[in-house]
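Computed from heavy atoms alone, side chains included, the values below leave out hydrogens, waters and symmetry copies. Heads up: numbering here begins at 1 and tracks the sequence. Order of appearance sets the numbers: ligands from 1, and atoms from 1 within every ligand.
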Amino acid sequence: MVNGYAEVVPAEVLDGRPAGAGPPEQGGSTVSITVVGASGDLAKKKIFPALFALFYEDCLPEHFTVFGYARSKMNDAELGTMISRTLTCRIDKRENCGDKMEQFLQRCFYQPGQYNTEEGFAELDRKLKEKEAGRIPNRLFYLSVPPNIFVDVVRSASRTASSSSGWTRFIVEKPFGRDSESSGELTRSLKKYLAEEQIFRIDHYLGKELVENLSVLRFSNLVFEPLWSRNYIRNVQLIFSEDFGTEGRGGYFDNYGIIRDIMQNHLLQILALFAMETPVSLDAEDIRNEKVKVLRSMRPLKLEDVVVGQYKGHTRGGRSFPGYADDPTVPKGSVTPTFAAAALFIDNARWDGVPFLMKAGKALHTRRAEIRVQFRRVPGNLYRRRSIGTDLDTATNELVLRVQPDEAIYLRINSKVPGLGMRLDRSDLNLLYSERYRREIPDAYERLLLDAVEGEHRLFIRSDELDAAWAIFTPVLRELEDRRVAPELYPYGSRGPVGAHYLAANYNVRWGDIAGDDGSF
Ligand SMILES: NC(=O)C1=CN([C@@H]2O[C@H](COP(=O)(O)OP(=O)(O)OC[C@H]3O[C@@H](n4cnc5c(N)ncnc54)[C@H](OP(=O)(O)O)[C@@H]3O)[C@@H](O)[C@H]2O)C=CC1
Ligand SMILES: O=C1O[C@H](COP(=O)(O)O)[C@@H](O)[C@H](O)[C@H]1O
């Protein structure tokens with residue numbers, strides 16, 4: 001698929017273009033990107049800066065326009081001022097930075113309007129046409145608004161501001177519902193107005209460099225793929241932690257909790273890429289078909305395989321850190337988890353019996369996201385008694401993909417300590433990105449926005465993937481809520497509830513992120 005033109009889609013909606021229109025002539029087209037909810041946090045923090053970075057790198061088409069759309073009263077100049085505060089150039093690309101920002105801001109415009117009526121979008125359509133100036137119009141809408149407004153925006157924008165002869169696409173932000181039912185309802189509502197090919201459900205973890213590299217590592221290195229199964233892998237750990245709480249987002253968060261916020265999407269997407277079979281090709285549908293298969297092979301998560309926690313206030317070094325429940329936007333007595341650990345299983349031939357452990361939490365001691373693969377022990381290890389302070393029988397190889405911060409891939413091995421004796425210790429074969437690659441790593445939103453402009457769906461979630469993902473988590477979420485399971489309290493800035501260790505121990509696992517420096521368990 002090139003630029004989204006070779007897809008098989010219903011004739012009338014064909015990505016917003018009339019059937020048989022064929023690809024637009026080179027140079028004869030334009031792309032308009034409308035950020036709906038332009039006054040909001042995500043737009044300021046991520047979307048406008050990512051669009052600028054793409055512009056700086058000459059990745060946007062020659063003719064493009066950016067529109068901000070929201071209810072807030074603003075004019076073009078005020079939008080420009082708001083955006084300019086958020087723009088930065090990459091450290092290695094400082095030359096002409098100011099000029100580039102100016103050129104970018106000249107392409108940014110604002111249209112105020114409501115989300116649930118068509119007037120604002122009709123006015124937007126009029127302005128877009130003016131900017132498109134007779135070129136083939138392609139339009140991308142980024143829904144950066146709270147989820148209860150998604151369908152209103154799609155209804156109004158698709159009816160009044162769709163492209164007449166080019167493509168029209170919508171990027172939809174998470175959350176995609178709260179459970180199987182509400183997610184299904186959202187999908188059905190979106191599909192009243194859009195074809196699946198027009199919908200780009202974003203999971204920004206799929207745009208992270210290390211997550212992209214996961215498939216490259218697996219499928220282009222002979223040394224890994226043969227080991228990638230229950231025969232050699234003891235367990236897989238997917239770990240997410242943040243060293244700050246829900247500050248300012250408690251109102252949103254309380255309705256979702258950490259399982260929906262991080263596990264059901266970011267960690268599960270990584271798991272699917274990690275565990276899928278080799279796709280037929282790198283085409284979006286081939287990759288997504290494999291992800292769906294692996295997700296459908298997973299057992300629904302059981303309550304006994306979940307531990308939940310919630311952070312409480314803590315004072316350290318004379319500084320006080322508030323508890324989750326201290327947030328005035330959080331309802332009194334909330335049992336919403338800000339931490340969860342879970343053991344998941346894939347019932348297929350490759351992964352039968354291998355625990356996939358997930359751990360995600362806010363207000364922990366560190367900010368980190370990583371995948372840890374612990375291999376089985378070496379049978380009949382000749383060197384088991386030659387180590388320095390480590391039992392080599394249990395200190396097995398571990399492959400770590402550190403998604404952030406300090407992106408790295410390292411393999412923990414046992415190695416001989418130089419000298420005349422025969423002593424072994426643990427060392428890392430380490431690919432540290434900042435040492436190997438001297439360029440700044442693009443933000444995930446840059447890659448994903450570029451893919452959406454190019455019509456590439458590979459890193460976006462298909463509706464059947466979403467259904468399969470919710471099927472794994474919905475029963476346990478319902479049970480946690482029906483029973484009002486009390487979360488284990490943990491101090492702000494700690495390593496989280498001890499229950500997570502007992503859960504791992506049930507499967508004979510120790511969390512890799514808390515094992516001794518020598519890797520011993
Ligand atoms: N912020 C983040 O870090 C992340 C956000 N997301 C998702 O991205 C989307 C946008 O997030 P974020 O920018 O934080 O959201 P905001 O709460 O900042 O909302 C974005 C804009 O939507 C409008 N808005 C807010 N609340 C309402 C309401 N109740 N009714 C109508 N309009 C409203 C406001 O614009 P105006 O009043 O001008 O119309 C606001 O500026 C959400 O779906 C969120 O879940 C996903 C990952 C991370
Ligand atoms: O989707 C979300 O992600 C962020 C973490 O993203 P990162 O790229 O900064 O790791 C998280 O803070 C937020 O709660 C969640 O909604």
Side-chain angles (χ1 to χ4, degrees), residues 34-50 68-74 78-79 82 86 110-117 120-121 141-154 156 170-178 186 200-211 238-270 324 329 336-340 360-364 366-370 402-407 441-448 461:
T34 302
V35 182
V36 183
S39 54
D41 182 58
L42 185 73
K44 285 188 256 189
K45 216 169 54 186
K46 292 289 185 184
I47 306 171
F48 290 119
Y69 184 101
R71 297 170 310 175
S72 296
K73 296 229 174 317
M74 254 193 280
E78 285 162 337
L79 176 82
M82 185 193 89
T86 70
Y110 186 70
Q111 174 60 46
Q114 299 298 316
Y115 301 115
N116 56 356
T117 59
F121 287 104
F141 292 87
Y142 196 125
L143 302 198
S144 184
V145 285
N148 55 320
I149 308 168
F150 288 169
V151 178
D152 282 345
V153 174
V154 167
S156 311
F170 285 76
I171 299 182
V172 187
E173 261 294 348
K174 71 183 247 289
F176 313 117
R178 298 185 75 251
L186 175 65
F200 290 72
R201 293 178 196 83
I202 202 165
D203 182 315
H204 76 280
Y205 266 63
L206 290 181
K208 297 211 182 235
E209 193 62 46
L210 250 293
V211 178
L238 301 135
I239 299 173
F240 168 97
S241 70
E242 276 181 342
D243 54 1
F244 49 90
T246 57
E247 288 95 319
R249 288 185 80 212
Y252 151 80
F253 191 86
D254 201 72
N255 196 22
Y256 291 92
I258 199 80
I259 297 178
R260 294 184 177 94
D261 194 44
I262 303 293
M263 281 188 171
Q264 181 272 347
N265 36 69
H266 304 329
L267 296 189
L268 191 64
Q269 282 296 320
I270 297 177
Y324 175 72
T329 61
T336 299
T338 58
F339 174 99
K362 293 199 172 262
L364 294 172
T366 188
R367 174 174 174 262
R368 179 166 23 196
E370 60 189 16
R402 193 163 62 223
V403 176
Q404 65 188 32
D406 300 329
E407 291 83 349
I441 294 177
D443 188 78
Y445 282 87
E446 294 173 36
R447 186 187 315 279
L448 295 167
I461 321 275

Q.
For the 3.5 Å polar cut-off, considering only N or O atoms, please tell me whether Tyr252 and ligand 2 meet it.
A. no
(Q) Starting from atom 20 (C) of ligand 1, what is the nearest protein heavy atom, named by residue and atom, and what distance separates them? (A) Ser144 O, 3.4 Å
Q. Nearest protein heavy-atom contact for atom 13 (C) of ligand 2: which residue, which atom, what distance?
A. Arg249 NH1, 3.3 Å
Q) Hey, is ligand 1 close enough to Arg71 that some N/O pair sits below 3.5 Å? A) yes
Q. What are the atoms of ligand 2, with element, lying closer than 4.0 Å to any heavy atom of His266?
A. 1 (O), 2 (C), 3 (O)
Q) Do Ser156 side-chain atoms and Tyr115 backbone N/O form a donor-acceptor pair below 3.5 Å? A) yes
(Q) I'd like to check atom 36 (P) of ligand 1 in this structure: does the protein have a heavy atom lying under 4.0 Å from it? (A) yes
Q: Provide the closest heavy-atom pair for Arg402 versus Glu370 in the form atom of the first, atom of the second, distance.
A: CA-CB, 4.0 Å
**Q.** contact_flag His204 ligand 1 heavy-atom lt 4.0 Å
**A.** no
Q.
Do Tyr142 and Glu173 have side chains that approach each other closer than 4.5 Å (heavy atoms only, starting at C-beta)?
A. yes
Q) When you measure from atom 25 (C) of ligand 1 to every protein heavy atom, which one gives the shortest distance, and what is it? A) Pro146 CG, 3.6 Å
Q) Is the distance between the ring centroids of Phe176 and Phe150 under 6.0 Å? A) no
Q) Of all the non-hydrogen atoms in the protein, which one sits nearest to atom 6 (O) of ligand 2, and at what distance? A) His204 NE2, 3.1 Å
Q) Which ligand 2 atoms are under 4.0 Å away from a heavy-atom of Lys174? A) 1 (O), 2 (C), 15 (C), 16 (O)
Q) Looking at side-chain heavy atoms only, is the closest gap between Asp261 and Lys362 below 4.5 Å? A) yes
Q: May I ask whether Lys45 has any heavy atom positioned less than 4.0 angstrom from an atom of ligand 1?
A: yes
Q | Nearest atoms (heavy-atom pairs only) where Val403 meets Leu210 | A | CA-CB, 3.8 Å
Q. For atom 18 (O) of ligand 1, is some protein heavy-atom partner under 4.0 Å away?
A. yes
Q: Name the closest protein heavy atom to atom 23 (C) of ligand 1, giving the residue it belongs to and the distance to 0.1 Å.
A: Tyr115 OH, 3.7 Å
Q: Provide the number and element of each atom of ligand 1 under 4.0 Å from a heavy atom of Pro175.
A: 45 (O)
Q.
One residue to check: Ile149. Relative to ligand 1, which of side chain, backbone, both or neither has a non-hydrogen atom less than 4.0 Å away?
A. side chain
**Q.** From CA spacing to verdict: ring pair (Phe, Tyr, Trp, His ring centres under 6.0 Å), Phe141, Tyr69
**A.** CA-CA 10 Å; Phe141 292 87; Tyr69 184 101; 8.7 Å; no
(Q) Which heavy atom of Leu238 sits nearest to which heavy atom of Leu267, and what is that distance? (A) O-CD1, 3.8 Å
Q. Do Thr329 and Phe253 touch side chain to side chain, with heavy atoms closer than 4.5 Å?
A. no
Q) Which protein non-hydrogen atom lies closest to atom 38 (O) of ligand 1, naming both residue and atom, and how far is it? A) Ser72 OG, 2.5 Å
Q. Any N or O of Ala70 that comes nearer than 3.5 Å to an N or O of ligand 1?
A. no
Q: Go through ligand 1 atom by atom and flag the ones less than 4.0 Å from a non-hydrogen atom of Arg249.
A: 4 (C), 5 (C)
**Q.** Heavy-atom nearest neighbour in the protein, as seen from atom 4 (C) of ligand 2, with distance rounded to 0.1 Å
**A.** Glu242 OE2, 3.9 Å
Q: Would you mind reporting whether Ile262 and Tyr205 have side-chain heavy atoms less than 4.5 Å apart?
A: no
(Q) When you compare the side chain of Ile239 with that of Arg368, does any pair of heavy atoms fall below 4.5 Å? (A) no
Show me the side-chain donor-acceptor pairs of residues 40-50 shorter than 3.5 Å, one per line, residues at least two apart or across chains.
from, atom 1, to, atom 2, distance (Å)
Asp41, OD2, Lys45, NZ, 3.1
Lys44, NZ, Ser39, O, 3.3
Lys46, NZ, Asp443, OD1, 3.2

(Q) Counting only heavy atoms closer than 4.0 Å, does ligand 1 sit against the backbone of Glu173, its side chain, both, or neither? (A) side chain
Q | Residues which pass side chain to side chain donor-acceptor pair (under 3.5 Å) with Tyr110, listed by chain and number, not counting sequence neighbours | A | none
Q | Protein residue, atom and distance nearest to atom 34 (C) of ligand 1, heavy-atom basis | A | Ser39 OG, 3.9 Å
Q.
Given Val145, Asp41, Leu143, identify the one with the heavy atom nearest to atom 42 (C) of ligand 1.
A. Val145
Q) Are side-chain heavy atoms of His266 and Lys174 found at a separation under 4.5 Å? A) yes
Q.
For the 3.5 Å polar cut-off, considering only N or O atoms, please tell me whether Phe150 and ligand 1 meet it.
A. no
Q. Can any side-chain N or O of Asn265 pair as donor or acceptor with the backbone N or O of Arg260 at less than 3.5 Å?
A. yes
Q: Looking only at protein heavy atoms, identify the closest one to atom 14 (O) of ligand 2 and say how far it is in Å.
A: Asp261 OD2, 2.6 Å
Q.
Within ligand 2, which atoms have a heavy atom of Lys208 less than 4.0 Å away?
A. 7 (P), 8 (O), 10 (O)
(Q) Measuring only between side-chain heavy atoms, which start at C-beta, is Asp254 closer than 4.5 Å to Tyr324? (A) yes
Q.
So, 4.0 Å and heavy atoms of Tyr205: is ligand 2 close enough to count as a contact?
A. yes
Q | Nearest option to atom 45 (O) of ligand 1, as decided by whichever heavy atom of Lys46, Lys174, Lys44 sits closest | A | Lys174
Q. Leu79 and Gly68: which non-hydrogen atoms are nearest, and at how many Å?
A. CD2-N, 4.2 Å
Q) Counting each atom of ligand 2 from 1 as listed, which ones have a heavy atom of Lys362 under 4.0 Å away? A) 11 (C), 12 (O), 13 (C), 14 (O)
Q: Compare every heavy atom of Ile259 with every heavy atom of Ala340, then report the nearest pair and how far apart it is.
A: CB-CG1, 3.7 Å
Q: Could you tell me whether Tyr445 and ligand 1 have an N or O pair separated by under 3.5 Å?
A: no
Q. Should Leu42 be counted as touching ligand 1, given the test is an N or O pair under 3.5 Å?
A. yes
Q: Could you pull out, from Arg368, Arg367, Lys46, the option with a heavy atom nearest to atom 9 (O) of ligand 2?
A: Arg367
